[in-house]
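Comments concern the structure below.
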2 protein chains.
Amino acid sequence: MSNPKVSIYDIAHAGNVSVATVSNVLNGKGRVSPATRERISALAQEMGYIPSLAAKTLGKNQTYTIGIITPDVSNEFFSNIVLEVETQLYEHGYTSYICNTGNDPLRENKYMQDLMQRNVDGLVLAGGTSDLGASSIPSSVPYVAIDRNSSNSSHFKGSCALVGNDVRSMTHDMTCFLAQHGCQRIAFLISSKGWVIAPENNRYGGYLDALNDCGMHLDKNLILWGPHAMSSRTEARRLVADSLSEDIEMDGIVAMGDRVALGAVEELRARDIAIGTDVKIIGMDNSPYARICRPSITTVDRGTKRMANEAVRVLLGLIEKKRISVLNVTVPYRIIERETTMGPIQNLPFNVDR
Amino acid sequence: MSNPKVSIYDIAHAGNVSVATVSNVLNGKGRVSPATRERISALAQEMGYIPSLAAKTLGKNQTYTIGIITPDVSNEFFSNIVLEVETQLYEHGYTSYICNTGNDPLRENKYMQDLMQRNVDGLVLAGGTSDLGASSIPSSVPYVAIDRNSSNSSHFKGSCALVGNDVRSMTHDMTCFLAQHGCQRIAFLISSKGWVIAPENNRYGGYLDALNDCGMHLDKNLILWGPHAMSSRTEARRLVADSLSEDIEMDGIVAMGDRVALGAVEELRARDIAIGTDVKIIGMDNSPYARICRPSITTVDRGTKRMANEAVRVLLGLIEKKRISVLNVTVPYRIIERETTMGPIQNLPFNVDR
DNA sequence: AATTGTAAGCGCTTACAATT
DNA sequence: AATTGTAAGCGCTTACAATT
């Protein structure tokens, strides 16, 4: 229907004006008489004009493109955030590259280079286990990191921001929640992928804090973390299985993620251990799995939508206003109580959702 | 560390050669002496050169960019495909825009325009309920549609391909599967979003075929489809609830998707109806939900990985070889039998995975 | 013949000059 | 003063010419 490729020169020629005028009309800028504006506008439409973003980029050095880097969109927690961020950015005129790194530093690096060549206006880092300080983000491009561990936010160069929960206090609260429900020997269950168990890790640190606050002492046998290389659910199940086979006693499990919690549930279920009574479990992320699973899994709503909102708001601020200060947005969370922490479970398979 | 912006002119100048030579070195093309090649290569590296894809695009009219359009990445079926496609394309040097339309024609259209401005080399359409023939894809850009209904593939202009299951035969087999398991009154349950119940719809058509083959007759009351506007799980649950409230009898449900099946399970469970015995259910997509749910849901593995493979292979073929023929790849599927079609369910909550 | 350089072109933006 | 036009520049590619 339209000629293969019509440029503003073609329009200028057909309309008997200069390219500057065409450009001004098309961008609603400059002083152009209403008549010309109208006429050229219609002409462009009629000629089937499609602007070339590449040329625009070369002219203005803006791409209206954002790179979203995430370890794993197949995880609902991240995919929710990413989807929300993408949608909102789109409404602000930005199109997103969504890059899945699978927590592989090599891929992360390759992607980063690619995005630099593509001249993205900004970056969103959703999750990722490595310390942010270690990342190699060029200081020229503003970015916001969501739910990312970062020990030394003071070192950051460039304009960036952090959005996330207070993870340390969250893990603390999860552990205390189990303690309040009568648990004495609470295990800390985490998928090994990329995480290091050290007090600098806020997740682990929060667990330690809670033990302290609740007058319990650390038993290293209850730290369930190992060098497996499988899905976090399978790995978690294996870790729980190994512990139980070694007769390590536990009456509570703080699981770093609902997939991890699900693995624990599956193993306990297979062993006919009364979940919610003999062993209580709390997961994290409020994924659909936690709701659908029987028994349904007590979990933490981390406010993903809010995170996405804040991330977009802050990023656009950084891009447009070129602020250089370090921002730090903390999003509230809340525990959702379900069957895995509710004592004797009545009438299991057929009861209604909570 | 590197100067804010170094171009091939800077390199040419610093290396005392022409830009053509630099370009040739950087792209491994043309005849350049090994010595120069080596020297300029190192120089570029050292100067921290980052090529500008925008300029490259303008020069060559290739972007190494693919647009992936999908209705809903929050659905595992699509997110699996999209993730796989993206990963594979990336390995072939292409970066992807992932566009979520939510089945909204307006958004789909806006995205399409955006992608055209961005000059994508190709398009992947993963899912989507509207008929492909109706879409407004410029004939200049090659594309492949995955799992998309298309009545008249003969009308296609441009270079394109279809990848998917034989959906009609799949729905047929699902229905027959229930019939073979003794079901007499089999309901067809589908989320209303975007689907029209007409024989042209292969899903519905396959159901009709099966009724015919199995010697049953169509009862319109057993077509569960309605103008709700909620998640497919909730909608399915509501549809089943409504039917049961109207005392419509059914002993089997063919659900178009595992989320839909899950909704049915939830409603039957709430009513203490024996799933697998009194009512058998088969879902579709082999999502994690179907496995995790109790009772676990019989479903269909549609070969998503294979679909992604084929889509990438075919698309790259279209892009590189500029073939104009219409390709049509059919991927095999297989039914996975689980508890919802297995008769009396023993020892439900604690039994092991199948 | 092998290697390297010149210059136009890709499709825009925008400072500034020129016209009305 | 309001409107419009000129021309350079953004960073590449590539046909072709020029040099060794």
Side-chain angles (χ1 to χ4, degrees), chain A residues 2-41 43-44 47-65 113-114 116-121 140, chain B residues 2-41 43-44 47-65 113-114 116-121 140:
Chain A
S2 59
N3 308 12
K5 207 88 210 183
V6 13
S7 76
I8 59 170
Y9 276 89
D10 300 323
I11 300 176
H13 185 250
N16 250 312
V17 290
S18 75
V19 285
T21 301
V22 176
S23 176
N24 281 331
V25 168
L26 259 23
N27 294 294
K29 302 201 315 183
R31 305 225 54 80
V32 181
S33 78
T36 319
R37 174 144 275 151
E38 174 78 11
R39 188 166 60 86
I40 299 301
S41 224
L43 190 55
M47 294 174 74
Y49 171 67
I50 297 175
S52 156
L53 216 109
K56 219 169 215 160
T57 296
L58 220 49
K60 298 205 321 170
N61 214 34
Q62 245 215 305
T63 56
Y64 301 98
T65 306
Q113 270 179 271
D114 187 82
M116 290 308 105
Q117 297 187 194
R118 286 167 192 274
N119 235 290
V120 293
D121 293 340
S140 55
Chain B
S2 59
N3 307 14
K5 207 87 209 183
V6 13
S7 76
I8 59 170
Y9 277 89
D10 300 322
I11 300 177
H13 186 250
N16 250 312
V17 290
S18 75
V19 286
T21 301
V22 176
S23 176
N24 281 331
V25 167
L26 259 22
N27 294 295
K29 302 200 317 183
R31 305 225 53 79
V32 182
S33 78
T36 318
R37 177 144 272 151
E38 175 78 10
R39 189 167 60 87
I40 299 302
S41 224
L43 190 56
M47 293 175 73
Y49 172 67
I50 297 176
S52 157
L53 217 111
K56 219 168 215 159
T57 296
L58 218 50
K60 300 205 320 172
N61 214 33
Q62 243 214 308
T63 56
Y64 302 99
T65 306
Q113 270 179 271
D114 186 84
M116 291 307 106
Q117 296 187 194
R118 286 168 192 273
N119 236 289
V120 292
D121 294 339
S140 54

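Residue numbers start from 1 in every chain, and the chains themselves are labelled A, B, ... in the order their sequence lines are given, proteins ahead of strands.
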Could you pull out all residues at least two apart from [X] that satisfy side-chain contact (heavy atoms from CB on, under 4.5 Å)?
| X | value |
| --- | --- |
| A:N27 | A:S23, A:K29, A:K56 |
| B:A20 | B:S18 |
| B:L53 | A:Q117, A:R118, B:T57 |

Using every non-hydrogen atom in the two residues, find where B:A44 and B:L26 come nearest and quote the distance to one decimal.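 Nearest heavy atoms, B:A44 then B:L26: CB-CD1, 4.1 Å.
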
When all nucleic acid strands are considered with a 4.0 Å heavy-atom cut-off, which category describes [X]: base, sugar-phosphate, or nothing?
| X | value |
| --- | --- |
| B:T36 | sugar-phosphate |
| B:S23 | base |
| A:S52 | sugar-phosphate |

For DNA chain C, report each stem as range with range, ordered by first number, or say none. Use Watson-Crick or G-U wobble pairs under 3.5 Å, at least 3 in a row. C:1-20 with D:1-20

Taking everything shown except B:Q62 itself, do over 12 heavy atoms lie less than 6.0 Å from its CD? yes

All N/O contacts under 3.5 Å from nucleotides 17-20 of chain C to the protein, with atom names and distances to one decimal?
none

Nucleic acid contacts of residues 8-21 of chain B, taken as heavy-atom distances under 4.0 Å to DNA chain C: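 Close to the strand are B:N16, B:V17, B:S18, B:V19, B:A20, B:T21.
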
By nearest atom, which of the nucleotides C:dT3, D:dT3, C:dG11 is closest to the B:P34 side chain?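 For the B:P34 side chain, the nearest candidate turns out to be C:dT3.
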
What is the distance, to the nearest angstrom, from the CG atom on A:N27 to the C1' atom on C:dC12? 9 Å

